[in-house]
Participant: 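Structure below; questions to follow.
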Amino acid sequence: MKDFYHFKEVEEKWQQRWEAEGVFKAEDDSDKEKYYVLEMFPYPSGNLHMGHVRVYSIGDVIARYKKMQGFNVLHPMGWDAFGLPAENAAIQHGIHPAEWTWSNIDIMRKQLKRLGISYDWDREVNTAAPDYYKWTQWFFLQMYKKGLAYKKKSAVNWCPDCETVLANEQVIYNRCERCDAEVEEKELEQWFFRITEYAERLLKDHDLLENWPEKVKIMQKNWIGRSEGLRIKFPVKDSDQVIEVFTTRPDTIYGATYMVLAPEHPLVEKFIKGTEKEEEVNNFIKEVRKQKEMERTSPESEKQGIFTGAYAVNPMTGEDIPIMIANYVLMGYGTGAIMAVPAHDQRDMDFALKYDLPIKVVIQPAGQEGTLTVEDLEGEAYTEDGVLVNSGDYNGLTVAEAFEKMAEDMEEKGIGRREVNYRLRDWLISRQRYWGTPIPIIYCDQCGIVPVPEEDLPVVLPETLDFQPGGKLSLAQVEDFVNTECPICGAKAKREADTMDTFVDSSWYFLRYVDPHNEELPFTKEAADKWFPVDQYIGGIEHAILHLLYARFFTKVIADLDMTDEVEPFRNWLAQGMVLKDGAKMSKSKGNVVDPNEIIDKYGADTARLFILFAAPPEKDLEWSDAGVEGAERFLNRVWRLVAENITELRGKAVQKIDMAALGKPEKELYQQLNVCIKRVTGDLETRMNFNTAISAIMELSNAAYHYLNVTKEADNELLKVVVDNMLLLLSPFAPHMTAELWEHLGHEGFIHEQAWPGYEEEALKQDELTIVVQINGKVRDRVEVSAGIDEAGLREVVLAREKVQEHVVGKEIIKFIVIPKKLVNIVVK
RNA sequence: GCGAAGGUGGCGGAAUUGGCAGACGCGCUAGACUUAGGAUCUAGUGGGUAUUCCCGUGCGGGUUCGACUCCCGCCUUUCGCACCA
């Protein structure tokens with residue numbers, strides 16, 4: 001055999017054999033316990049990048065480890081294939097989006113196979129294929145039936161560059177998440193999913209996700225933004241109108257000295273129509289509407305407002321309070337109107353000071369009732385806990401008590417009622433783009449909105465597309481597509497020309513893998529019961545809100561359709577860190593991109609995988625280092641040579657149980673190190689997911705084996721074989737090709753990845769001799785070798801007899817003698 | 001401003017339950033082998049002129065026989081949220 005790891009031939013050989021023998025197929029009819037490991041599927045951009053190499057390497061280690069542990073492993077791969085880049089390529093280069101996408105998929109599939117990832121390629125899914133998006137459309141129809149998909153006209157976010165609307169989740173600092181263009185507001189009629197109906201469950205079921213990063217749960221929680229409060233009616237003076245507000249602080253209502261409506265509030269017009277204020281107020285509203293959402297919603301920007309001329313009545317105090325309009329109140333949250341309590345809300349305070357509105361203190365720090373005045377506040381609202389004052393019968397109650405009492409009283413009087421509000425909005429899914437799943441809806445003049453009958457699915461994207469390079473792609477321009485017949489009355493009708501947000505496609509793909517070829521259903525309940533949920537999901541934290549919230553929502557909807565009993569798709573999620581170069585994210589514009597293809601050409605897949613797993617724990621960012629890659633290569637070659645240089649001694653012999661009693665001292669130590677290594681690697685893979693320390697443990701074992709061969713004239717070849725065999729088994733999830741080849745060279749039958757994961761012998765971990773650290777007053781002064789069975793008195797005797805200990809102890813009083821069994825003693829002297 | 005996670009040698013990182021700080025790797029130094037070495041092997045490698053001593057895990061306190069680890073205060077980096085009533 002060669003004296004170095006010639007990765008080119010070896011890696012190709014094993015990839016071909018794995019494929020030819022179909023060794024990574026998940027078995028639908030196995031009795032073995034299932035394990036479903038999934039990495040987020042990629043968008044087929046045409047190029048694998050290092051982030052992909054990282055996430056798929058992590059997934060592969062888990063998949064191969066679980067397989068060796070005896071699980072029936074489902075480890076599938078697919079393509080998130082709809083999306084804008086395909087259209088942009090079409091516009092720029094005149095290539096059809098499908099052609100562009102399909103050829104990218106071919107390229108990336110080859111790249112993944114070159115990495116040797118253990119996928120069951122028979123289950124490959126492609127969200128842009130009709131046999132997949134048929135079921136995306138089917139889910140849309142189920143949701144339409146349940147009222148979870150609906151159409152409404154509302155102010156939506158419009159990206160002028162992408163020429164489409166965006167979901168709230170896709171707008172970051174008022175910019176398009178994709179192209180960074182500034183988002184505009186448009187009034188459009190669009191399709192929504194009623195995700196708000198699931199807000200409570202999405203929050204509550206975080207409890208089921210024990211192995212999610214806490215940070216991500218908090219991000220989702222903030223995004224959902226639950227707040228408990230009261231909806232309170234404020235009658236308008238000299239009118240039969242009523243303004244409803246939502247507040248989380250009903251306890252401060254006695255301090256409500258004015259009200260504010262959002263400029264878009266429908267009542268505004270009624271208040272000002274025909275009054276002397278009309279023109280002034282309308283001008284103000286026009287000004288505010290010109291402001292960007294960003295300006296309006298930043299706490300730093302100046303609050304602007306105007307008096308409407310109308311008054312409301314505070315329902316608790318009976319006082320008249322002015323009704324204002326201001327830019328800091330948003331129509332989209334709560335009722336679009338607030339009661340303003342300047343003494344106890346900083347925003348209201350800022351506004352009240354600017355427009356000279358009254359301020360009334362109604363909460364005081366506990367124990368200091370009656371001492372806090374408006375002057376004391378000095379423009380800072382008091383928002384801490386406290387006790388009510390100036391609040392009639394409620395004086396003396398705490399904030400929490402007052403909340404309860406007021407809620408009860410107001411509900412009784414019909415002034416208000418308890419309400420929970422969410423920051424989460426419904427999910428806007430319409431996109432004015434071509435390359436997406438068509439929304440299966442038909443508009444008929446007679447029958448209105450008509451869902452496409454299920455038997456007519458899929459609504460196929462028309463392939464022949466007449467587009468001009470530089471122009472925009474849209475289904476609306478394809479007349480054969482748009483013009484159709486009403487499924488109910490047969491009259492001429494028009495199809496919906498918008499497609500769905502691609503996040504819809506990726507919100508259920510993990511369920512298609514369980515039954516990927518089903519033509520009757522997206523999947524059977526039987527298949528879902530067998531495989532679902534995903535036991536371990538792996539992917540980037542950038543999807544913390546978008547994809548992961550939507551996927552959780554879809555899973556709950558699907559559970560409500562009784563297609564699965566599982567309400568959470570990903571019980572465990574490993575959020576892997578980014579791959580950096582020179583401290584920055586790799587990007588073309590920075591010119592710091594490392595191309596996986598070049599790395600695999602130069603070092604091979606096993607080396608690339610080993611480095612990327614070794615350089616940092618998976619959840620942390622990883623700094624790319626060419627020197628580090630060479631280190632990984634060196635280690636693999638060290639293992640290769642350990643086998644190659646001793647191949648005649650190691651080949652063919654049956655692995656026998658080692659008789660520890662017969663081992664000499666260096667042999668016993670080596671055998672012990674093997675068992676320690678097995679224990680550490682298993683623990684690192686099983687519970688900690690720390691691949692870097694698992695690899696370092698294997699490196700230590702390899703070093704120990706070399707050291708043993710160096711110091712021993714007559715090596716114990718049986719022991720050496722056991723060590724090498726097990727080392728290869730432990731290393732095989734990380735470096736599958738090289739270990740497969742060595743396994744074969746050693747004369748074993750069968751694939752290495754189909755062997756049982758090694759277990760360790762508890763007996764072999766035990767040491768006869770221990771090194772005990774001796775501290776005096778907490779400082780390490782000596783080390784002693786003692787037999788493992790020594791008792792405390794014996795240990796004390798040995799330790800005190802030591803010369804170095806004597807030096808520090810003589811003439812002093814021993815106050816304490818602390819013994820930490822098998823590790824350390826600490827002698828406290830004075 | 002609010003919330004979360006970090007800060008350990010020249011570098012990436014380790015220390016799993018409060019018990020030897022720096023495992024493993026990179027880099028570096030010296031040596032061996034060699035026509036050659038950017039291959040391989042051996043030894044060394046936190047700092048302080050140091051085999052025995054002292055100092056050392058962002059800074060300052062504290063708890064403890066003992067603290068990278070726990071507590072209090074501060075500095076700093078990264079990420080998330082940010083007029084949500």
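In what follows, chains carry the letters A, B, and so on, assigned in the order in which the sequence lines appear, proteins first and then strands, with residues in each chain numbered from 1. Worth knowing before you read on, the calculation uses all heavy atoms, side chains too, and leaves out hydrogens, waters and symmetry mates.
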Participant: Give me the distances for all protein-to-nucleotides 17-24 of chain B N/O pairs that come in under 3.5 Å?
Facilitator:
residue, atom, partner, partner atom, Å
B/rC20, O2, A/R783, NE, 3.1
B/rC20, O2, A/R783, NH2, 2.5
B/rA23, O2', A/E700, OE1, 3.3
B/rA23, O2', A/E700, OE2, 3.2

Participant: So what does A/P213 touch, heavy atoms closer than 4.0 Å: a base, only the sugar-phosphate, or nothing?
Facilitator: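 The answer is nothing, as A/P213 stays clear of every strand by at least 4.0 Å.
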Participant: Protein within reach of the bases, or only the backbone? For nucleotides 26-37 of chain B, mark each nucleotide 5' to 3' as B, S or -, using heavy atoms under 4.0 Å.
Facilitator: SS----------
Participant: Enumerate the residue pairs fulfilling salt bridge (Lys or Arg N to Asp or Glu O under 4.0 Å) with a member in residues 814-830 of chain A, sequence neighbours excluded, ordered by first and then second residue.
Facilitator: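 Matches after skipping sequence neighbours: none remain.
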Participant: Going by side-chain hydrogen bond (donor to acceptor under 3.5 Å, both in side chains), name the residues that satisfy it together with A/E287, two or more places apart in sequence or in a different chain.
Facilitator: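 By the side-chain hydrogen bond (donor to acceptor under 3.5 Å, both in side chains) rule, A/E287 matches A/K290.
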Participant: Identify, with sequence neighbours excluded, every residue that meets salt bridge (Lys or Arg N to Asp or Glu O under 4.0 Å) alongside A/R641.
Facilitator: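 Testing A/R641 for salt bridge (Lys or Arg N to Asp or Glu O under 4.0 Å), a comparison that skips the adjacent residues, returns A/E645.
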Participant: Once side-chain hydrogen bond (donor to acceptor under 3.5 Å, both in side chains) is applied, do any residues pair with A/R802, and if so which ones, sequence neighbours excluded?
Facilitator: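 A/R802: side-chain hydrogen bond (donor to acceptor under 3.5 Å, both in side chains) contacts with A/D782.
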Participant: For A/E200, what residues pass the side-chain hydrogen bond (donor to acceptor under 3.5 Å, both in side chains) criterion, not counting sequence neighbours?
Facilitator: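 Partners of A/E200 by the side-chain hydrogen bond (donor to acceptor under 3.5 Å, both in side chains) criterion, ordered by chain and then number, come out as A/R226, A/Y422.
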Participant: From the set B/rC53, B/rC65, B/rU16, return the single nucleotide nearest to any side-chain atom of A/R688.
Facilitator: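 Comparing B/rC53, B/rC65, B/rU16 against the side chain of A/R688, the answer is B/rU16.
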Participant: Between A/L610 (CG) and B/rG12 (C1'), how many Å, whole number?
Facilitator: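 Rounded to the whole Å, the gap is 14 Å.
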Participant: Measure the acute angle between the ring planes of A/W212 and A/W573, then classify it against the limits of 30° and 60° as parallel, tilted or perpendicular.
Facilitator: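 Ring orientation, 0 to 90° scale: perpendicular.
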Participant: Report yes or no: do A/E686 and A/Y65 form a side-chain donor-acceptor pair below 3.5 Å?
Facilitator: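 Result is yes, a qualifying pair exists.
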Participant: Counting side-chain heavy atoms from C-beta on, which of B/rC53, B/rC55, B/rG12 comes nearest to A/K779?
Facilitator: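 Selected nucleotide (nearest to the side chain): B/rC55.
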Participant: Report the residues that fulfil side-chain hydrogen bond (donor to acceptor under 3.5 Å, both in side chains) with A/E792, sequence neighbours left out, ordered by chain and then residue number.
Facilitator: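 Scan of A/E792 (side-chain hydrogen bond (donor to acceptor under 3.5 Å, both in side chains), adjacent residues dropped) gives none.
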Participant: What's A/D621 touching, base or sugar-phosphate or nothing? Going by heavy atoms closer than 4.0 Å.
Facilitator: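 Sugar-phosphate, no base atom in range.
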Participant: Dot-bracket for RNA chain B: what is it, with Watson-Crick or G-U pairs under 3.5 Å, [ ] where a pair crosses earlier ones, and | for a pair to another strand?
Facilitator: (((((((..(((......[....)))((((((.......))))))(((....)))..(((((..]....))))))))))))....
Participant: Filter on salt bridge (Lys or Arg N to Asp or Glu O under 4.0 Å), then keep only pairs touching residues 610-630 of chain A, sequence neighbours left out; what's left?
Facilitator: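 Matches after skipping sequence neighbours: none remain.
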Participant: Would you indicate what A/R231 reaches in the nucleic acid, counting non-hydrogen atoms under 4.0 angstrom: base, sugar-phosphate, or nothing?
Facilitator: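 No contact at all - A/R231 keeps every heavy atom at 4.0 Å or more from the nucleic acid.
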Participant: Given the C1' atoms of B/rG66 and B/rA21, what is the spacing between them in whole Å?
Facilitator: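 So the two C1' atoms sit 14 Å from each other.
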Participant: Would you list the protein and nucleotides 2-9 of chain B atom pairs, both N or O, that sit under 3.5 Å from each other?
Facilitator:
none

Participant: So A/N710, base contact, sugar-phosphate only, or nothing? Heavy-atom distance under 4.0 Å.
Facilitator: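 Touches sugar-phosphate only.
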Participant: Is there any salt bridge (Lys or Arg N to Asp or Glu O under 4.0 Å) pair reaching into residues 693-709 of chain A, and which pairs are they, with sequence neighbours excluded?
Facilitator: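 Pairs touching residues 693-709 of chain A that pass the test: A/R680-A/E700.
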Participant: Look at all strands and tell whether A/V329 reaches a base, only sugar-phosphate, or nothing, counting heavy atoms closer than 4.0 Å.
Facilitator: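 Base, at least one base atom sits under 4.0 Å.
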